[in-house]
Amino acid sequence: MSMAKFLFRRTLQGVFVIWGVVTVLFGLRAVSPGDPATLMLGQGATQDLIQQVREEEGLNDPIVVQYGDYLAELVTGDLGYSWRSEREVEAMVIERIPATLELAIAATIIALLIAIPLGVISATRRGSPSDYGATLFSLLGISTPNFWLGLMLILVLGVWYGIPYPTLSTGSTIPVGIGLIDLPTGRRAVGFGEAFMTLLTEQSFDEMTLWLKHITLPAVTLGTYFTALITRLTRSGMIDELGKPYVTATQAKGLPGVLIRYKHVLRNTMIPIITVLGLQMGTLMGGAVITETVFNWPGLGQRLINALSIRDWPLMQGIILFVAVMFVFINIVVDALYTYLDPQVSIE
Amino acid sequence: MISDRVKSNLRETFGESLLPKLGLVLLTVILVMAMFAPLLATHNPTRTGYFHENGGPYPPPGFDYTTTVAQDGEITQVEVTATDEHLLGTNTIGQDVYSRFLYGARVSMLVGLAGVTLALLMGVPFGLIAGYYGGRVDDGLMRLADVMLAFPALVLALALIGVFGSQPIRVPDPIVWAGFAEGMPESIPIPGSVTIVVALVTWVWFARVARGEALSIRNQEYVKAAKSFGTPNWKILVTHVLPNSITPIIVLATIQIAVIILIEASLAYLGFSGTTLSWGYEIETGQDVLRTRPWVAMVPGIGIVLSVISVNLLGDWFRDALDPNIEGSERGA
Amino acid sequence: MSEEILRVEDLSTRFFTREGQVNAVEGLDLTIERGEVFGIVGESGSGKSVTALSIMDLVESPGEITDGSIEYRNRDLAEDLRDEHPEAVDGEFVDLLQVPDRVRKSLRGTSFSMIFQDPESSFNPSLTVGEQISEAVEVQRRASANPRLSRGVEYSMTSLVASKVLSSRKFVTRESHERAIELLELVGIPDPVQRYDEYPHQYSGGMLQRAMIAQALAGEPDVLVADEPTTALDVTIQAQVLDILDDLQEETGMTILLITHNLGVVARMCDRVGVMYAGEIVERGTLADVFDEHVHPYTAGLLGSIPDVEQAGGRLKPVEGNVPSLLDAEMGDRCYFADRCPKAMEECLEKPPDLPGGGSDDHRAKCYLAAHPYEESQALPDGYFENERAEEVTDDD
């Protein structure tokens, strides 16, 4: 079977999964307490107005008809309007994607850069102090809730050791959040793309530095769990792999250690790990929700929490749907990568 | 149910390393704290107003601070020092941090254990039946599992809380009811909907593991033999398939307790748990005063980390001793 | 020419396991001459593979070489190390157990290489066979480009990262690629250019063993260690693989240390043989010494266990009993074979020295029978060792 055919089939499966997600979301909305029209209009709305909105939005139709309408809208790419702000959900989701993506990618990069060498060192020097250190770190990392970790990082680094970190004004409702306002200067940090463009066009590192300053703590907070998890997976996978006869054979032919560890053993260790990481993308998004709340990071997670607390279903659905699509997409990529990495797995 | 080989493996790995012992000790301490919270607590955890005479909350030892007060029309700096009365100080509304720490262990452990039990009850029968019978039931389960996995666990939990609400169920505290601990809260708030929600977002892992086990067991000779004697399927499931798939399920259950404790803490932190006697909630209240009263957020966080570590240590021990490759055993909140 | 290339003296390799200390190799002596095929033969569990791994420096934790010397003749290496490690150098010989790890590693592939028993698990499943052979070629290329042999092939993390970005920085070069194809052709693999790009699972067992020979030859080693090179193969393929080894040995004149439990293979390939039992070489000498003039009853037992095809319905006469556990605590200080030996005498309760065997000058045996004939009057009573063991068991309780 060709790669194109494989991708086609996996995409079809993905569409099925997305349909399932949509259906679950619709079901949740349907059984959730509270009348949508009231939620849309606020508590003070008159009965007449509420009835009028119910009629317009099709809320008086049978549930099957509502479901059909909902699916039909989604197929045409219409995510509806936020009940509260009355803006298009699509726009509200899209404007928040870059911040979350930057955070998630930065966290993943931190995790991979630290965890893989750490796992390799831990596995190749079993029983050494560095192995114990790595084991302890990874145990702590998978056991620490990231919102608490974020707070402790702010406390220890920022408050106790005075390492400068950007913060919102103390009068704000979220005094510990970092957000994107640089307090001393009052400047607003821009996203990576814009900062990078400034770097190119004006040869000024200012925006880039500001961006780095803002993203470091949240990215470390979000990345710690993954660093710990990947360290554990790499260590145990690597130990299994190192026991295989081919490793002795590569040693016997005199291959330099770096090549044995990274080109041969690590590569084979990563094959199963990549699948686990694909499935962990959901966890990464869940972690982003919390991290964004702690650091007042203007991403999708923060918006999702806001939408949840005011029961803004269309917005909530839009965000969750986006996350689910990302998850499905990443896992298709992972599967494709798997067949590339492991020659024994032919595409069935 | 659990073979002698498994038992001796467990014993062997337990003796080999310090970590399982540490996990067991930690977990025992936390469980004792949770169970006997009314006896061990020094104050009613919900009573407010334990403030220093200078106005601020009591700090724990080492966290003394100064505050400004108006005295005789003058504004002066005064020292607020720790007291033996409140071992870990008090929080922003003057509640005893140590007593709340003990009661927080209750909620964490209760949700962890009850959530996992519920998830087991939902996932294992479904998985066993799907794996044993195969066909449409199996296809249905696997597709459903795919859909469930596409939701981040925490996000799905939040959405479900939106549906169920987050009202806790109040159950009389047996220790207080029996008259052993006076002045303690008379009822335990059990975050019922949170328990259901965490079970709903984790059961699918149990279903997948149970299915995999049933799938391989149904082709074993002894199952075929039982079938040829005309043993009914439900009996084969109960007497052969379930006992033989129990080991990996135990490993998964242990690790999922840790996951559930973390989800509960996150929900409470975001304000969706419905009880204020939760470590996550306590951290949320401490975050506003992180700079000036850091202990309020620190103490409950340590509680979460220690309980999750203890469960993870036991999980690692079980996994090393029983089965190194269980899907879903590396999955967090 | 008859020049010694490898001199192993009093080599002991132990494994420190949970059950106790296992003496896998115990005071082993062995000399190998340049250009010969030396066979080590013994039952499984006799320590022959550990001997091979000890020479290759591939013994892994919990194993450790605890005693002895492995002296390797290499004039360049000796010159190279004379100043830095005078204690390890003796004339043209270098004691490999006294040089730093780095030097030991640098000899792998270029001075010593190894063929393993199971070709299917000895190749990395996710790289092409050709790539893996090219790596071995590249090790040789880079090592020979380096004037100081003891330096070995250096390859840093930075080079690895650079190779991911620039294809010109890849470890495997165009030259080694071409040489690998030549090697594949040399060991008789059809369509070598196409086969180069195939993965191990696309090869048959016999083909893969040939590929492994190609890989071992890539470094142009002084000594090739072949650990049971044919055991995992079909009988018909075994003969082909032995042919290839034989031809290559004749062409290149390399030295082979052949580890096997198969006396047929020994008879066919080897110039000299050592018979290994319980971590020791109990008898060694030329092929004729061991096959025709053997004195050790264990050698006799092994030879007796070859099915004699000429005898109708040839009976298999195995050596009765099992190889001892090699656990230090249970070994005692006697001839280790005494409990299985049909000719055990009272003096066998004391360890026999290495005695001349009566054949050629090289013929040695660790057995009192080499000094004097069997004396029935000295024989140990029947069931002597069973009783001894029974006593130990009751002691334990």
Side-chain angles (χ1 to χ4, degrees), chain A residues 13 16-21 23-25 28-29 31-33 135 139-140 142-149 151-152 154-155 159-160 170 174-176 225 229 232-233 236 240 276 279-287 289-290 293-294 304-305 308-309 311 313 316 319-320 323-325 327-328, chain B residues 19 143-144 146-165 258 261-263 265-266 269-272 279-280 283-284 286-292 294 297-298 300-302 304-313 316 320 324-325 327-328 330-333:
Chain A
Q13 281 174 2
F16 180 85
V17 168
I18 297 298
W19 171 69
V21 169
T23 307
V24 170
L25 285 172
L28 288 178
R29 175 179 15 179
V31 298
S32 76
T135 308
L139 185 63
L140 277 172
I142 59 158
S143 306
T144 308
N146 56 6
F147 56 93
W148 189 68
L149 177 70
L151 293 177
M152 290 303 113
I154 293 172
L155 178 68
V159 180
W160 288 355
T170 40
I174 309 168
V176 295
Y225 176 82
L229 183 74
R232 275 165 71 98
L233 290 171
S236 60
D240 278 358
V276 179
L279 289 174
Q280 288 287 341
M281 278 302 129
T283 314
L284 184 72
M285 291 316 297
V289 169
I290 294 269
T293 310
V294 176
L304 177 66
I305 296 293
L308 274 164
S309 53
R311 292 177 185 253
W313 277 96
M316 216 168 94
I319 296 170
I320 296 179
V323 172
V325 170
F327 178 87
V328 167
Chain B
L19 294 176
R143 295 293 83 80
L144 183 61
D146 287 346
V147 172
M148 298 289 290
L149 287 173
F151 286 99
L154 182 68
V155 171
L156 183 59
L158 285 167
L160 286 168
I161 288 277
V163 174
F164 287 103
I261 292 176
L262 284 174
I263 297 182
S266 303
Y269 169 76
L270 294 170
F272 290 98
W279 286 332
I283 293 173
E284 202 274 328
Q287 110 173 7
D288 291 345
V289 291
L290 189 64
R291 289 151 171 281
T292 50
M298 278 169 78
I302 293 168
I304 299 173
V305 173
L306 289 182
S307 29
V308 177
I309 281 187
S310 70
V311 177
N312 274 331
L313 284 174
D316 287 354
D320 290 348
N325 300 312
E327 185 204 16
E330 287 287 4
R331 191 185 148 86

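Residue numbering restarts at 1 for every chain, and letters A, B, ... go by the order of the sequence lines. No experiment lies behind these values; they were computed from the predicted model shown. All heavy atoms count here, side chains included; hydrogens, waters and symmetry mates do not.
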> Which one, A:Ala324, A:Pro145, A:Gly20, leads in non-hydrogen pairs under 4.5 Å with chain B?
Replying inline: A:Pro145

>> Given B:Gln287, which partner from the list A:Thr293, A:Leu151, A:Leu155, A:Ile154 fulfils the side chain to side chain contact (heavy atoms under 4.5 Å, CB included) test?
In response: A:Leu151

>> What's the separation between atom CG in B:Leu262 and atom CG in A:Asn146, rounded to the nearest 0.5 Å?
In response: 8.5 Å

> What part of A:Val289 is in contact with chain B, defined as an atom under 4.5 angstrom from a non-hydrogen atom: side chain, backbone, both or neither?
Replying inline: side chain

> Are the side chains of B:Ile304 and A:Trp148 in touch, meaning some heavy atoms are under 4.5 Å apart?
Replying inline: no

> Which answer fits B:Phe272, side chain, backbone, both or neither, if we ask what part of it has an atom under 4.5 Å from a heavy atom of chain A?
Replying inline: side chain

>> Please identify, among A:Val325, A:Leu308, A:Ile319, A:Thr144, the residue contributing the most non-hydrogen atom pairs under 4.5 Å to chain B.
In response: A:Leu308

> Side chains of A:Leu25 and B:Phe151: closer than 4.5 Å at any heavy-atom pair?
Replying inline: yes

> Going through the distances and angles, do A:Gln13 and B:Asp146 end up as a side chain to side chain contact (heavy atoms under 4.5 Å, CB included)?
Replying inline: CA-CA 9 Å; A:Gln13 281 174 2; B:Asp146 287 346; over 6 Å; no

> Which atom pair, heavy atoms only, marks the closest approach of A:Ser143 to B:Asn312?
Replying inline: OG-ND2, 3.1 Å

>> Testing the basics here: between B:Pro152 and A:Met285, what is the closest heavy-atom pair and its distance to 0.1 Å?
In response: CG-CB, 3.8 Å

>> Pair A:Val323, B:Val155 - check side chain to side chain contact (heavy atoms under 4.5 Å, CB included), show working.
In response: CA-CA 10 Å; A:Val323 172; B:Val155 171; 5.7 Å; no

> How would you list, by chain and number, every residue that makes a side-chain hydrogen bond (donor to acceptor under 3.5 Å, both in side chains) with A:Arg29, sequence neighbours excluded?
Replying inline: A:Gln317

>> Is B:Ala159 close to chain A through its backbone or its side chain, or both, or neither, when contacts mean heavy atoms under 4.5 Å?
In response: both

> Once you round to the nearest 0.5 Å, how far does CG of A:Leu139 lie from CG of B:Leu313?
Replying inline: 5.0 Å

>> Please classify the contact of A:Trp313 with chain B as side chain, backbone, both or neither, using a heavy-atom distance under 4.5 Å.
In response: side chain

> Side chains of B:Leu270 and A:Phe147: closer than 4.5 Å at any heavy-atom pair?
Replying inline: no

> A:Ile305 versus B:Leu158: any side-chain heavy-atom pair under 4.5 Å?
Replying inline: yes

> At a heavy-atom separation under 4.5 Å, does A:Val24 approach chain B through its side chain, its backbone, both, or neither?
Replying inline: side chain

>> Restricting to non-hydrogen atoms, name the atom on A:Ser32 and the atom on B:Gly162 that form the minimum distance, rounded to 0.1 Å.
In response: CB-O, 4.4 Å

> In terms of heavy-atom proximity below 4.5 Å to chain B, should A:Leu304 be classed as side chain, backbone, both, or neither?
Replying inline: side chain

